[in-house]
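Here the structure is laid out as C-alpha cells; the discussion comes afterwards.
As a basis for the values below, the full set of heavy atoms in this structure was taken, side chains included, without hydrogen atoms, waters or symmetry mates. Both counts, for ligands and for their atoms, begin at 1 and track the order of listing.
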Amino acid sequence: MPAAGSRSSYERSIKEPSPSRQEGLALTQSFTRADLDDLAAILAAAADVEIMPRFKRLGTDEVTTKSGPQDFVTIADQAAERFIQARVAERFPTAVFIGEETTAADPTRLGRLAGAELAIIVDPIDGTFNFANGMPLFGVMAAVVAGGETVGAIIYDPIGRDFALAVKGEGAWLVPRDGGPARRLRVAAADDLRVMHGPVSWPYLPEGLREDVARRLPRLWGSYGYRNAAHEYRLLSSGGCHFLLYNRLMPWDHLPGHLIHTEAGGWSAHFDGTPYVPTDLGGGLLLAPDRESWQRIHDALFQD
Ligand code: IPD
Ligand code: CA
Ligand code: CA
C-alpha cells in the first residue's frame, strides 16, 4: 500500500482519462486495470438492461426458490447473468466464467475455479431477497481470480450508482459511476467490544454453534443483517461497521468483498484462524479491523 496521502498509480488512473488508464497497471500479466474497468462497465450495463427495469415490477411467477425457502431467484438474476456471461465471453475469451445461476444449473462449474489461470466469478444480484421484496439494497458483484488468488474485485450498487473496487496490493476505492472523485476505502478503527458492531449471519451456522454464537452476541454492541453481502462488505470496508461473520462461503458471495476489505486495511480469517482462499467453501469467515480485534471478537463469540 502506498503511504497515506500519496496517490497510488491506481488512484491516478481512476482520475486521469485514457490513454493512461489503458496503459495502466496489470493486475496480472493477462488482466489490466483497464480490463477491470471494462468488467465494471459490463456489470453496470447488466443492471441498466436486466435488473433495474424489473425492480418493483416482478410478477409472482417471476420469483422462485432454489435450495430452500430462503434462497430466492428471479428472472432478473437469470437474465443479468446471461447478459454478463455473454459479454465476458466476448471481452475475456480465455477466462473461466463462474456465475451463481449457471452454477446452480450445473454445479460441476465450481470445480473449474481450482487451477484456472484466469477466472471471473459473478453474482448477478446479491440481495435477491431484498430485490424481490422491493427493497433498494442489493448489488452486482464480480471477482477476478488469477492463479488461485483474488486480484480484482467489484461491487456495483445500481441504486447509488457507484462501484466499490479493489486491486490486490494497490487498495480499495469507491468510484462514482457518473463522475466525481474516487474515495479510498478504509476500515473502522478497532474499539472496545461494547462499542463494536456489525452483521452476523448466524442462521447459517451449524446447529449447536448457532445457538452458542447467538447467545453471546450481547457481548458486542450490536449485530444485524442486511440480507446482502454486497452492502455488508461495502459498509465494513468504508468503516461503517467493525466486523462481519459468515458461515456459507460461496465464492460469488465473498471473493469480491473479502479483497475489498483486505485492501481497505482489514484482517480476516476462517473461524480457526487460517487464511481464506478462493476455493474454500467452508470453515466460516470472520472479518475485523485488525488482527488483535479479530481475536477479541472471535473469543467473545466462540468461547464461554
Ligand atoms: C445471499 C446474500 C445473503 C447471504 C446469503 C447469500 P443472494 O446472496 O448475500 O446476505 O447471507 O448467504 O446467499 O442469494 O441474494 O445472491
Ligand atoms: Ca449472493
Ligand atoms: Ca445472487
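- In this structure, the protein non-hydrogen atom closest to atom 13 (O) of ligand 1 is Arg248 NH2, 2.7 Å.
- Not a single N or O atom of Phe129, backbone or side chain, sits closer than 3.5 Å to an N or O atom of ligand 1.
- His242 and His197 have perpendicular rings, their planes meeting at more than 60° on a 0 to 90° scale where under 30° would count as parallel.
- Using a 4.0 Å cut-off between heavy atoms, Asn228 contacts ligand 1 through its backbone alone, with no side-chain atom that close.
- Here the N, O or S atom of Asp126 that is nearest to the Ca ion (ligand 2) is OD1.
- When the heavy-atom distances from atom 7 (P) of ligand 1 to Ala132, Gly127, Pro203 are ranked, the shortest goes to Gly127.
- Protein heavy atom closest to atom 1 (C) of ligand 1, with residue, atom name and distance, is Asp126 OD1, 3.9 Å.
- Between Asn133 atom CG and Thr128 atom OG1 the span is 10.5 Å, to the nearest 0.5 Å.
- Between Asp71 and ligand 1, not a single N/O pair is under 3.5 Å apart.
- The two atoms that bring Ile42 and Val88 nearest to each other are CD1-N, 4.2 Å, heavy atoms only.
- Near Thr128, with a cut-off below 4.0 Å to any heavy atom, the atoms of ligand 1 are 15 (O).
- Under 4.0 Å is where a charged nitrogen must lie from a carboxylate oxygen, and between Arg57 and Glu62 no such pair does.
- Contacts between Ile125 and ligand 1 below 4.0 angstrom, taking non-hydrogen atoms only, involve the backbone exclusively.
- The Ca ion (ligand 2) is closest to atom OD1 of Asp253 (considering only N, O or S atoms).
- Under the 4.0 Å criterion applied to side-chain N and carboxylate O atoms, Asp304 and Arg216 are assigned as salt-bridge partners.
- Not close to ligand 1: Met250, with no non-hydrogen atom less than 4.0 angstrom away.
- Taking the charged nitrogens against the carboxylate oxygens, Asp35 and Arg91 do have a contact shorter than 4.0 Å, which makes a salt bridge.
- Counting protein heavy atoms only, atom 14 (O) of ligand 1 is closest to Glu100 OE2, 3.9 Å.
- Checking Glu100 against the Ca ion (ligand 2), every N/O/S atom stays at or beyond the 3.0 Å cut-off.
- With respect to Asp162 and Arg234, a salt bridge is recorded, a charged nitrogen being found less than 4.0 Å from a carboxylate O.
- Summary: OD2 is the N/O/S atom of Asp123 found nearest to the Ca ion (ligand 2).
- Neither side chain, Thr94 nor Glu117, offers a donor N or O lying under 3.5 Å from an acceptor on the other.
- A donor atom on one side chain and an acceptor atom on the other are found under 3.5 Å apart for Gln295 and Asp299.
- Relative ring orientation between Trp294 and His298 is described as parallel, the plane-to-plane angle staying below 30° on a 0-90° scale split at 30° and 60°.
- For the Ca ion (ligand 3), the set of nearby N, O or S atoms under 3.0 Å includes none belonging to Trp252.
- Atoms of ligand 1 lying under 4.0 Å from at least one heavy atom of Asp123, given by number and element, are 16 (O).
- The aromatic ring centroids of Phe31 and Phe92 lie less than 6.0 Å from each other.
- Given atom 6 (C) of ligand 1, the protein heavy atom at minimum distance is Asp253 OD2, 3.6 Å.
- Under the 4.0 angstrom criterion for non-hydrogen atoms, Tyr204 is in contact with ligand 1.
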